[in-house]
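What's counted below: heavy atoms across the whole structure, side chains too, no hydrogens, waters or symmetry copies. Note that the coordinates shown come from a computational prediction; the quantities given were computed from them, not determined experimentally. Heads up: numbering here begins at 1 and tracks the sequence.
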Amino acid sequence: ILDVFALAPDVKIERLFSPEHGISGQAEAGAAVGAQQARIPVISLYGKRTAPTAEELSGIDTFVIDLQDVGARYYTYAATMKACMKACADARVPVLVLDRPNPVGGLAIEGPTAVNTDSLVCWSAVPARHGMTMCEIAEWFRANDLKTSNVNLSVSMLDSWTPERLFGECSLAWVPPSPNIPTPETALVYTGTCLFEGTNLSEGRGTDAPFVLIGAPWLDPDRVVAALPNEATAGLSFAPASYTPRSIPGKAAKPKYMDEACRGIRISVTNAHAARPFMTTVALLAAIRRNHAEQFKWEQSFDVLAGSAELRERIDRGDGPLQIVADYAAAHAEYEAKRPKLYVEQTTS
């Protein structure tokens, strides 16, 4: 985008603002992203603060947002966009959002609607797999979280994307939006397996297969996979794997079980349209909780990622994973009725 703007003689870029992972998407999750002094200064919005100051917005004609989301509520880019939209509304600076495809499509909705929405990994009352593009999320914020802010929002839509199209069906090169989402298939599986970050299982960081490889030194992968209901495995396949997480600077400096031999499950995508990774993850968590009751532990971050304590409590209670997922249907219908659908409108007009 900087190369494109450089071709426009009437455009001057005053400053850049970087989200988590930095301006080029290469910093590992949670790493501090510092400011950079250059011809165009780079200001970090991840760490000590999350929004531009009024001084930094002074004299700016348009605040442009161009971020590649991965289609999951846990990903922090939408939270950064919301904070920027609020700051711009307060400073009376117009916002322009440039759209990118939702890499996991715009049709499938999965997971609970968040109750607690005050964190970077849980930024609004939407399902875990929300089905929106960044422009649609911006419109959602304008109508919901920021409805009293009077934000001056414009959106620039994609030319020919349709909601049923996954990223692999777009003639675009995948540029990882962060180091541990190396492929579109990872982004798809991540809509569920990110929840393993809130447990004492390895989510595959420190390997070549983050989020598609989960395990622990004590895991019995064959027993766990055998306990999965068939309905929870559509579009995915599972294979036992042995691996040892290593420190990978820039990707995973201190992964769980670093330098310890782990037994795990490698998840492969066989039919991306049929896959429902959140359902699969709930089934995996239930099976691991049941078969490894003494070893398995929840982390405090699980409820933050899930949006409330309900999912953890239901798994602990022994509720069936299929019933847990089925019970989200009413909330999904309510969400579907109100979420922006820019591309449905575009393709049917």
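Under the 4.5 Å side-chain criterion, counting only non-hydrogen atoms from C-beta, R263 is not in contact with P240. Between D61 and P94, the closest side-chain pair of non-hydrogen atoms is not below 4.5 Å. For the pair V175 and Q68, the minimum side-chain heavy-atom distance is 4.5 Å or more. No side-chain heavy atom of K254 sits under 4.5 Å from any side-chain heavy atom of S247. Contact of the I65 side chain with the L67 side chain is registered, since non-hydrogen atoms from C-beta on lie closer than 4.5 Å. Two residues are said to be in side-chain contact when any heavy atoms from C-beta on lie closer than 4.5 Å; F17 and T80 fail this criterion. For the pair V95 and N152, the minimum side-chain heavy-atom distance is 4.5 Å or more. Side-chain contact between L201 and F296 is present, with at least one heavy-atom pair separated by less than 4.5 Å.
Taking a cutoff of 4.0 Å between a charged side-chain nitrogen and a carboxylate oxygen, E139 and R339 do not qualify as a salt bridge. Salt bridge status for R73 with E110: absent, with no side-chain N to carboxylate O gap under 4.0 Å. Under 4.0 Å is where a charged nitrogen must lie from a carboxylate oxygen, and between E310 and R312 no such pair does. Ionic pairing of K256 and E203 is present here: one or more N-O contacts between side-chain nitrogen and carboxylate oxygen are shorter than 4.0 angstrom. In this structure, D69 does not pair ionically with R100, as no charged nitrogen and carboxylate oxygen lie closer than 4.0 Å.
Going from atom CG of L120 over to atom OG1 of T76 covers 6.0 Å, rounded to the nearest 0.5 Å. For the atom pair M157 CE and L342 CG, the distance stands at 4.5 Å (nearest 0.5 Å). Note that CG of L195 and OG1 of T199 are 9.0 Å apart. Values are rounded to the nearest 0.5 Å. Atom CG of L45 and atom CE of M81 lie 13.5 Å apart (nearest 0.5 Å). Summarising the geometry, atom NZ belonging to K86 is positioned 7.5 Å from atom OG1 belonging to T148; distances are rounded to the nearest 0.5 Å. A distance of 12.0 Å separates CG in L305 from CG in N116, rounded to the nearest 0.5 Å.
Panel note: side chain N200, backbone Q295; a donor-acceptor pair is recorded below 3.5 Å. When atom types are taken as modelled, the side chain of S301 and the backbone of V304 share no donor-acceptor pair closer than 3.5 angstrom. Put simply, the side chain of Q323 never gets that close to the backbone of G320: no donor and acceptor are under 3.5 Å apart. Judged purely by atom type and a 3.5 angstrom limit, T193 uses its side chain to pair as donor or acceptor with the backbone of V189. Between the side chain of D90 and the backbone N or O of A54 there is no donor-acceptor pair closer than 3.5 Å. No donor-acceptor pair closer than 3.5 Å links the side chain of Y190 to the backbone N or O of I181. Of the possible donor and acceptor atoms, none in the side chain of H292 sits under 3.5 Å from a partner among the backbone N and O of V224. At distances below 3.5 Å, not a single donor-acceptor pair connects side-chain atoms of K12 with backbone N or O atoms of P9. In this structure, E164 contributes its side chain and G105 its backbone to no donor-acceptor pair below 3.5 Å. The backbone N or O of C122 sits less than 3.5 Å from a side-chain atom of S119, completing a donor-acceptor pair.
Remark: A108 pairs with R129, R276 by the side chain to side chain contact (heavy atoms under 4.5 Å, CB included) rule, at least two apart or across chains. Here R223 pairs with N291 under the side-chain hydrogen bond (donor to acceptor under 3.5 Å, both in side chains) rule; sequence neighbours left out. Scanning for side-chain hydrogen bond (donor to acceptor under 3.5 Å, both in side chains) contacts around E55 gives an empty result, with sequence neighbours left out. Applying the salt bridge (charged side-chain N to carboxylate O under 4.0 Å, His left out) test to D319 and every residue at least two apart in sequence or in another chain returns R314, R317. Here S202 pairs with Y243 under the side-chain hydrogen bond (donor to acceptor under 3.5 Å, both in side chains) rule; sequence neighbours left out.
No more than 12 heavy-atom neighbours from other residues, nucleotides or ligands sit within 6.0 angstrom of CG on N150. Within 6.0 Å of the CD atom in E336, the count of heavy atoms belonging to other residues, nucleotides or ligands exceeds 12. Other residues, nucleotides and ligands contribute only 12 or fewer heavy atoms inside 6.0 Å of the CG atom of N230. The environment of R15 atom CZ is dense: over 12 non-hydrogen atoms of other residues, nucleotides or ligands sit within 6.0 angstrom.
No hydrogens or angles considered: nothing links the side chains of T183 and W174 as a donor-acceptor pair under 3.5 Å. With no hydrogens or angles considered, a side-chain donor-acceptor pair links S178 and Y75 at under 3.5 Å. D316 and W298 share a donor-acceptor pair across their side chains, judged by distance under 3.5 Å alone. Side-chain contact of D145 with S124: a donor-acceptor pair under 3.5 Å is present, judged by distance alone.
Clustering ILVMFWY residues whenever any of their side-chain heavy atoms sit less than 4.5 angstrom apart, transitively, puts I288 in the very cluster that holds V282. By the criterion of side-chain heavy atoms lying less than 4.5 angstrom apart, applied directly or through intervening Ile, Leu, Val, Met, Phe, Trp or Tyr residues, L213 is not grouped with V70; the two fall into different hydrophobic clusters. F5 is connected to V42 through a chain of hydrophobic side-chain contacts under 4.5 Å among Ile, Leu, Val, Met, Phe, Trp and Tyr, so both are in one cluster.
Screening residues 184-193 for salt bridge (Lys or Arg N to Asp or Glu O under 4.0 Å) gives no qualifying pairs among residues at least two apart or on separate chains.
Each of W123, Y335, F278 was compared with H130 under the ring pair (Phe, Tyr, Trp, His ring centres under 6.0 Å) criterion, and only W123 meets it. Checked against S156 for a side-chain contact (heavy atoms from CB on, under 4.5 Å), the options L96, V97, D99 give a single hit: L96.
In summary, the aromatic rings of F211 and F196 are positioned with their centroids too far apart to meet the 6.0 Å limit.
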